[in-house]
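Because only heavy atoms are used, hydrogens play no part in the values below, and waters and symmetry mates are left out as well, while side chains stay in.
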Amino acid sequence: VSLTNAELCSLLTRCPSMKILRLNHEPMDLGETVLTINVLPMIAQNCPQLEVLALYVSTDVDPLETSLLFTFKNLKTIDLGLSVLENNAVVSRLLAQVLPDGCKLVSEQAFNLDAEEFFAYGEEDSDVREERRNKWVELSQWISIMLDVRRETCKRMSAKLGD
């Protein structure tokens, strides 16, 4: 299944109570996808109850305007699976703006190792899958720090406004 951002959002407008969305975040074919990471604020707007999100997306995108961003309210985990991490800065900035405090960026295997070896197209494909997961794990540490900084900044601003 290949969906554009607009097509996915059109489907999700009918699902405002959805709590879990796992949409092939670890596909067998690691080719390009038309679904981009810029879909995240749109999903946040359409599915305010979402707690778990897993997607395979293109991250080779231009940064979004900050005024267009919606933040997830209840998201606990996001897994971008085997998506290629093209631009750490753009992706980090977007995630830090749309993810709520306490949300974890995870990179968990969809299948156990034995099953993945069955699906993978050889040792090279397994290595690519592991390398992609590891890049998301590294980025997750930065996202946690960025979310902490955002929370602390909001606290300071609230304290100053209360003075």
Of the non-hydrogen atoms in [X] and [Y], which two are nearest, and what is the gap between them?
X	Y	answer
D79	E108	OD2-N, 3.1 Å
K104	S144	NZ-OG, 4.5 Å
C103	L147	O-CD1, 3.7 Å
R22	I20	NH1-CG2, 3.7 Å
I78	L95	CD1-CD2, 4.3 Å
M42	N5	CE-ND2, 3.9 Å

Are [X] and [Y] close enough that some pair of their side-chain heavy atoms sits under 4.5 Å apart?
X	Y	value
P48	F70	no
K19	V52	no
P100	N74	no
L94	V61	no
L30	R129	yes
L99	L75	yes
D29	Y56	no
L23	L8	yes

Test: R133 and E130 ion pair at under 4.0 Å: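 Salt bridge between R133 and E130, a charged N being under 4.0 Å from a carboxylate O: yes.
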Rounded distance (nearest 0.5 Å) linking atom [atom1] of [X] with atom [atom2] of [Y]:
X	Y	atom1	atom2	result
D62	T36	CG	OG1	10.0 Å
L105	Q141	CG	CD	10.0 Å
D60	N87	CG	CG	8.0 Å
I143	D148	CD1	CG	11.5 Å
T77	L53	OG1	CG	8.0 Å
E86	I37	CD	CD1	11.0 Å

Would the distance check show the side chain of [X] and the main-chain N or O of [Y] forming a donor-acceptor pair, the cut-off being under 3.5 Å?
X	Y	value
S92	A89	no
S107	L80	no
S10	A6	no
E131	D127	no
T33	V57	no

Linked, directly or transitively: [X] and [Y] (ILVMFWY side chains, under 4.5 Å):
X	Y	result
L139	V98	yes
M146	L85	yes
L3	L40	yes
L12	L55	yes
L50	L11	yes

Evaluation steps, side chain to side chain contact (heavy atoms under 4.5 Å, CB included), between N46 and C15: CA-CA 7 Å; N46 290 319; C15 307; over 6 Å; no
